[in-house]
Student: 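Starting off with a structure, shown below.
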Amino acid sequence: MAPRSAEVSRKTKETEISVSVHVDGTGRSEMATGVGFFDHMLDQLSRHSLIDMKVSAKGDLHIDDHHTVEDCGIAIGQALSKALGDRRGIMRYASIDLAMDETLTRAAIDVSGRPFLVWNVNFSAPKIGTFDTELVREFFQALAQNAGITLHVTNHYGANNHHIAETCFKAVARALRMALESDPRQPDAVPSTKGSLKG
Ligand SMILES: [Mn+2]
């Protein structure tokens, strides 16, 4: 498999973001989004997917974190899609039930080229510190849409909202890692009867 890397820069009136990803990495991350909790979550995404990720964002945080979080999801998704190319030789499907203390969350992924998010996660508080919990969904919606992946995330149970958010990022990371692994039985094939995973 050729090295899977890409860079994306994205600038609007609301945010200015640059992202680089190296899919076949070691999980090294450098996050500077200006949103501390979000940096912590993106570190998990990188560390547990083994995708090296560098994200720097300057957003309109004087309004709130919404544009910055959503636009990082867009840019990371675009970078992943670009890095994956025609998606040849990948495992394509993966799922995991990921435990963290009292919390259990499932992520199921199809690296299909068809963007879709099914989100079954509820938070019991509107904030984790200063971070709006509803932005977790916004991030994964933007990621799924722009990476061209079908993503189902279900929180089975959990009490602590930090844990619930963190298991979403870790579960998606682990499932991504498995789905993007090369398939040794068909390293040169696009795993689809259509012959295409580009949507
Ligand atoms: Mn944590």
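Each ligand, and each atom within it, is numbered from 1 in the order the structure gives.
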Student: With side-chain contact (heavy atoms from CB on, under 4.5 Å) as the test, pick out the partner of Thr167 among Asn160, Leu104, Leu98.
Tutor: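 For Thr167, the side-chain contact (heavy atoms from CB on, under 4.5 Å) test succeeds with only one of Asn160, Leu104, Leu98, which is Leu98.
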Student: Are Phe37 and His162 an aromatic pair by the rule of ring centers under 6.0 Å?
Tutor: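 Yes, the ring of Phe37 comes within the 6.0 Å limit of the ring of His162, centre to centre.
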Student: Donor-acceptor check, side chain of Arg92 to backbone of Pro191, threshold 3.5 angstrom: yes or no?
Tutor: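 Yes, the answer is positive, given that a donor and an acceptor are paired below the 3.5 Å cut-off.
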Student: Is there a side-chain contact between Ile51 and Leu180, using heavy atoms and a 4.5 Å cut-off?
Tutor: yes
Student: Thr105 and side-chain hydrogen bond (donor to acceptor under 3.5 Å, both in side chains): which single residue from Asn120, Asp97, Asn155 fits?
Tutor: Asn155
Student: Using a cut-off of 2.8 Å, find all protein N, O or S atoms closer to the Mn ion (ligand 1) than that distance.
Tutor: His40 NE2, His162 NE2, Glu166 OE1
Student: Any donor-acceptor pair under 3.5 Å linking the side-chain atoms of Arg88 with those of Ser182?
Tutor: no
